[in-house]
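Just below is one structure, and these are the notes that go with it.
Lettering follows sequence order; numbering is per chain, from 1.
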Protein chains: 2
Amino acid sequence: MSARVSYKHVKDHVLERIRSGQWRPGELIPKEQALADSFGCARMTVHRALRELAEAGLVERRRRSGTRVALQTSRNATLEIPRVDREIEATGAHYCYQRLSRRQVGADPMLRERLALTRRSRLLHVRCVHFAGATPFQFEERWINLEVVPEALEQSFKSVPPNIWLLEHKPWSRVEHVIRAANASAALAGHLDLAEGDAMLVIERRTWSEAQVITFVRQSHPGHFYTLRAGSG
Amino acid sequence: MSARVSYKHVKDHVLERIRSGQWRPGELIPKEQALADSFGCARMTVHRALRELAEAGLVERRRRSGTRVALQTSRNATLEIPRVDREIEATGAHYCYQRLSRRQVGADPMLRERLALTRRSRLLHVRCVHFAGATPFQFEERWINLEVVPEALEQSFKSVPPNIWLLEHKPWSRVEHVIRAANASAALAGHLDLAEGDAMLVIERRTWSEAQVITFVRQSHPGHFYTLRAGSG
DNA sequence: GAGTGGTCTAGACCACTTT
DNA sequence: AAGTGGTCTAGACCACTCA
């Protein structure tokens, strides 16, 4: 007669008991087997529900100790960072790209740190601007590690933006972002159609392939219309 | 004789084949049963490996169609937003808090939109500054929905910051962040020890309890030393 | 209608942690 | 040593989507 009990059902019920205050932060909740019995389902079903709640940071689990309601000191949100061209086209604007410069450089101390280089390496330095229609959307300054991606030397990046070429050419395994605000220098203001000193949202990103950094990039956006969005729940 | 095959083992092997280019972006990979056969494990084991890869955005799965290597157009990073006081204390600085104002207000159109209010509601408006030692770290302007948290009226927030009180008092289920850069107004510059026009990193956050917004807050940080970090992998 | 992923089961054993 | 979560199995049925 009764439908099978889904892990979502279990998850919702546990959530409800946490939100209603029936199970308070720090408190131990019943063990998997007990919950499975009370819901009339298999332990695996309860396990999956609790595992997802643990991944979301709502409960903390330990073998032998059991499962506790987490003390919500901080919680993680998911930040989506789309490809520039799609982001622009999603607004209905025409995507346009301009390469400013491309040259081989050595790694100065700043770059050696940013790219986690252990020795002197040759890098490809590319500067470009991404436009939404006629409006500058993002100024990009990028260094590509030629030890990891030597094929980049064969690319002029005049018509294919480096981000797209890299995405399609070199799969990555890990990424790190640093987000900050900065005032536009005279040079950047010129590229982004801003006044000197206008606020910009700056994203610095390092992309890894296994243990090596593929590329380090600094992307600057006009602060008055660009936003990042992150959510959780 | 052979050890059982773990889902992590399967996950690593699939990842390896993607990274090595053996399975290219957009390409269909073998179905779960075929992989299970080739690994000599149960289909559930393969399923879990592929599910996690799908959650990480590396593959895309559809019933009937099968599993494809994702075109990595965008990928999600996890943004950790800690509690201000802990964030400051983690740097070794002393955390200090000052309430600037607290008053009841009605919901103007801007607030009704931000707080997703369907009708006129009373809100508690609190302005405060968080310090790292003697240095202003964050200016906070917050509106609390008194329909959801009427008990907030009993709090003066003179010594207990509203974020901490809310965290401990009202569990939340969902959160949304908007991150942008802005130039400091004269008033904000004064509060944050900046010059007028200096870049600030601004985080706007809405926190939900079920279908209702608990609070809307705008947090402004000096741009020259505050950064957000996000990672994935 | 058929083929794929999505989920649930019932049982088993393993791994970690505390007693 | 014992108790809890973590995982794997083998099989089953369901749900979605495509032809």
Could you tabulate the donor-acceptor pairs under 3.5 Å formed by side-chain atoms of residues 62-71 of chain A, not counting sequence neighbours?
from    : atom 1 : to      : atom 2 : distance (Å)
A:Thr67 : OG1    : A:Arg61 : NE     : 3.2
A:Arg68 : NH1    : A:Gly26 : O      : 2.8

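Among residue pairs with one or both ends in residues 140-163 of chain A, those qualifying as ring pair (Phe, Tyr, Trp, His ring centres under 6.0 Å) are A:His125-A:Trp143, A:Trp143-A:Phe216, A:Phe157-A:Trp165; sequence neighbours excluded. Applying the salt bridge (charged side-chain N to carboxylate O under 4.0 Å, His left out) definition to pairs two or more places apart or across chains, those involving residues 5-14 of chain B are B:Lys11-B:Glu52. The side-chain hydrogen bond (donor to acceptor under 3.5 Å, both in side chains) analysis of residues 148-158 of chain B, with sequence neighbours excluded, yields the pairs B:Glu151-B:His169. Applying the ring pair (Phe, Tyr, Trp, His ring centres under 6.0 Å) definition to pairs two or more places apart or across chains, those involving residues 10-31 of chain B are B:His9-B:His13, B:His13-B:Phe39. For residues 130-140 of chain A, the pairs satisfying salt bridge (charged side-chain N to carboxylate O under 4.0 Å, His left out) are A:Glu140-A:Arg142, with sequence neighbours left out.
Rounded to whole Å, atom C1' of C:dG3 lies 14 Å from atom CZ of B:Arg61. Atom pair A:Glu52:CD and D:dG5:P shows a separation of 17 Å (rounding to whole Å applied). In this entry the distance linking NZ of A:Lys8 with P of D:dC14 reads 17 Å, nearest Å. Atom CZ in B:Arg51 sits roughly 13 Å away from atom C1' in C:dC8 (whole-Å rounding). Atom CG of B:Leu35 and atom P of C:dG6 are 13 Å apart (whole Å). The NZ atom of A:Lys31 sits 17 Å away from the P atom of C:dT18 (whole-angstrom rounding). Atoms CD (B:Gln33) and C1' (C:dG5) sit 12 Å apart, rounded to a whole Å. If you measure from atom CD of B:Glu32 to atom C1' of D:dC16, you get 14 Å, rounded to the nearest angstrom.
Aromatic ring orientation, A:His221 versus A:Tyr226: parallel (interplanar angle below 30°, classes split at 30° and 60°).
The side chain to side chain donor-acceptor pair (under 3.5 Å) search around B:Thr227 returns B:Arg229, not counting sequence neighbours. Taking A:Phe139 as the reference, A:His191 meet the ring pair (Phe, Tyr, Trp, His ring centres under 6.0 Å) condition, with sequence neighbours excluded. Residues that satisfy the ring pair (Phe, Tyr, Trp, His ring centres under 6.0 Å) test with B:His130, not counting sequence neighbours, are B:Tyr95, B:Tyr97.
Comparing the helix axis at one end of the helix from C:dG1-D:dC18 to C:dT18-D:dA1 with that at the other, each defined from 5 consecutive pairs, gives an inter-axis angle of 20° (nearest 10°).
A heavy-atom distance below 4.0 Å to DNA chain C is reached by these residues of residues 36-48 of chain A, ordered by number: A:Cys41, A:Ala42, A:Arg43, A:Met44, A:Thr45, A:Arg48.
For the atom pair CD (B:Glu147) and CD1 (B:Ile214), the distance works out to 13.5 Å, reported to the nearest 0.5 Å.
Side-chain N/O atoms of A:Thr67 include none lying less than 4.0 angstrom from OP1 or OP2 on D:dT4. Remark: A:Tyr7 is not in phosphate contact with C:dC8, judged by side-chain N or O atoms under 4.0 Å from OP1 or OP2.
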Return the polar atom pairs (N/O with N/O) between nucleotides 17-19 of chain D and the protein under 3.5 Å, or none.
from   : atom 1 : to      : atom 2 : distance (Å)
D:dC18 : OP1    : B:Arg62 : NH1    : 3.1

